[in-house]
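This report refers to the structure that appears directly beneath it.
The chains referred to below are lettered A, B, ... by the order of the sequence lines, with proteins before strands, and numbering in each begins at 1. As the structure is a prediction and not an experimental result, all values here were calculated from the model.
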Amino acid sequence: MSDRAGPPSPPDREEHPRTSQRFNELRGEQVDYAIQRQDRTFLPARDHCPLDPTRPGGPPTEIPAPHFEIAVFENRFPAFEAPLGAAEVVVYTDDHDASFGSLAPDRAEALMWVWRHRYAELGAREDIDYVFIFENRGVEVGVTLHHPHGQIYGFPFLPPVPALELAADERLGGCAPCSLLRDELGDGRRVVYENESVVAYIPYAARWAYEAHVVLREHRPSLLACEGMELRALAAALQAVVRGYDALFERPFPYVMAVHQAPTGGRPDAGHLHVEFYPPLRTAEKLKYLAGSEQGAGTFISDTLPEESAVGLREAIARAA
Amino acid sequence: MLSKRALQASSACASSAGGKGLEQPPAAGVYPRGMAGPQPESQANPPRAPAGEGGSGPSAPRGEAYGCLTLERRVKDDGRALILYTRVSPGPREPA
């Protein structure tokens, strides 16, 4: 499926797969092509949300049931698809106006189990090397549907960011998230939330003003290694951070939420379950853009210090509790 | 081509265990690929509805249990998989 030579061919949906990867030699990374996504649903009217339940007399939606709790389905516009990967949509609730932060605690906990189930099932597939669970929230990060939902990509290769984390393990001579968590707890200035099993902090070298990492205290490579209590604690921590984000500037806070855990295509001793948030806001009304230095040189320029951001976020989390 | 491990519900939702949480050991399969075993062909490759058929709705649901969840697998009219998850002991619905 990878194409390393020659100019791009004209799209031919009869002869070419909808998704494919090409290796970018200059950057040493894969680029995914999913040309059908150009036609995906874009910010539909509220009464035509495809993630709403299908109500009697209403328009058909992706979920043909009048009510549901949590639904997962194969993406109609996949970035990856069998036999080389997968793309799924995870709908958190049938309430169009809810959000991850507003879910009842037991619903959020159930979502952790859904993530775990999908990690197990997709990770068992021979064509999937990395199960990536994530949520994009807000038009600022490219959301095309406002209904509360996340996504799962089953990558047919190990993507660069998880690979960097594995490289950090080697550089630090052990589990990098374990080591960094010890450092953050020892310092304490950037910790914004703690419970019995999970710690959230703005990392020492955060790239985004309010970047937060939510890390299991114990070394758990994946959701499958977690005890039930830890899944509940993880859900509580994630909701605390998201509610704190919303309280920070008293507005719905855009973010990318990325779940990092063990690869499923080898390296069975690698990985430490944690969740990273990348919010683009640096003030209530100003966005951080990835511009010359970030895109052309690969170096983030931050306008804020993590210690100062942590003070504001910690207070916001406390206010929202 | 695809192999799937048998999904094991080795524990349950902490919130449905009387608030005490779970003291059970972690799930047996930390790394799903390593735990993957041969599966019946019918599980490895769930049948898909042929395009253009089954216009009256998704295929018949099939119930399963996983942790504190029950899941119902369906196949949409266009052949895509759909799973509906329900908590075994759901709490009160969120306020609208």
Inset, instruction - Give the minimum heavy-atom separation between B:Gly67 and A:Trp113, together with the two atoms involved. - result: CA-CZ3, 3.6 Å
Legend entry - Chi angles and distances behind the side-chain contact (heavy atoms from CB on, under 4.5 Å) call for A:Glu88, B:Ile83: CA-CA 10 Å; A:Glu88 297 184 339; B:Ile83 309 175; 5.8 Å; no
Legend entry - Set of residues satisfying side chain to side chain donor-acceptor pair (under 3.5 Å) with respect to A:Glu62, sequence neighbours excluded: B:Lys76, B:Arg80
Legend entry - Within-4.5 Å side-chain heavy-atom neighbours: A:His117 and B:Leu69: no
Legend entry - Side-chain donor/acceptor of A:Glu69 to backbone N/O of B:Leu84, under 3.5 Å: no
Legend entry - Residues B:Arg73 and A:Glu74 bridged, charged N to O under 4.0 Å: no
Inset, instruction - Could you walk me through whether A:Asp106 and B:Arg87 pass the side-chain contact (heavy atoms from CB on, under 4.5 Å) test, one step at a time? - result: CA-CA 9 Å; A:Asp106 62 341; B:Arg87 286 164 291 177; 2.7 Å; yes
Legend entry - Contact origin within A:Leu231 toward chain B - heavy atom pairs under 4.5 Å: neither
Legend entry - Best-contacting candidate, A:Pro105, A:Ala233, A:Ala98, A:Ala71, against chain B by heavy atom pairs under 4.5 angstrom: A:Ala71
Inset, instruction - Check for a donor-acceptor pair, side chain of B:Arg74 on one end and backbone N or O of A:Pro64 on the other, with a separation under 3.5 Å. - result: yes
Legend entry - Candidates A:Val72, A:Val91, A:Val90, A:Leu111 - the one meeting side chain to side chain contact (heavy atoms under 4.5 Å, CB included) with B:Tyr85: A:Val72
Inset, instruction - Counting only heavy atoms closer than 4.5 Å, note whether A:Asn75 contacts chain B via side chain, backbone, both or neither. - result: backbone
Legend entry - A:Arg76, CZ: over 12 other non-hydrogen atoms inside 6.0 angstrom: no
